[in-house]
Amino acid sequence: MRRRAGYFAIAVLLTILNAAVVVYTTMAIWEGWSGDIWAHGLLAFFAALEATSLANVWVQAVSGLSAPLGGITADARGHGDV
């Protein structure tokens with residue numbers, strides 16, 4: 001159970017840290033690179049990459065919380081009745 005709670009705690013912590021970085025740096029970087037369209041595209045790419053990574057962390061955390069307590073079932077191991 002501690003392992004599952006650890007996944008959720010990591011997801012929450014990464015979300016909070018991500019929000020702090022976005023709030024305090026994104027607009028300054030966007031305005032600093034205002035004349036360069038390639039830099040805007042690169043910043044948007046990295047933001048999309050980070051968002052999908054964070055979504056993956058949340059999927060792992062939620063699936064870890066909803067996993068069965070007994071681990072892998074007999075059917076999944078291949079020892080179930082046919």
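This is a predicted model, so every value here is computed, not measured. All values below come from the heavy atoms of this structure, side chains included, with hydrogens, waters and symmetry mates left out.
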Once you round to the nearest 0.5 Å, how far does [atom1] of [X] lie from [atom2] of [Y]?
X     : Y     : atom1 : atom2 : result
Leu54 : Leu14 : CG    : CG    : 6.5 Å
Leu42 : Leu49 : CG    : CG    : 10.5 Å
Ile10 : Leu17 : CD1   : CG    : 11.5 Å
Trp58 : Tyr7  : CH2   : OH    : 15.0 Å

Just jot down the side chain to side chain donor-acceptor pair (under 3.5 Å) partners of Asn18, sequence neighbours excluded, or say none.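 With neighbours one apart ignored, the set is Glu50.
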Side chain to side chain donor-acceptor pair (under 3.5 Å) with Ser53: which residues, sequence neighbours excluded?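 By the side chain to side chain donor-acceptor pair (under 3.5 Å) rule, Ser53 matches no residue at all.
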Going by the side chain to side chain contact (heavy atoms under 4.5 Å, CB included) test, name the single residue among Val62, Asn56, Val57 that passes it with Gln60.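 Result: among Val62, Asn56, Val57, Asn56 is the only option passing the side chain to side chain contact (heavy atoms under 4.5 Å, CB included) with Gln60.
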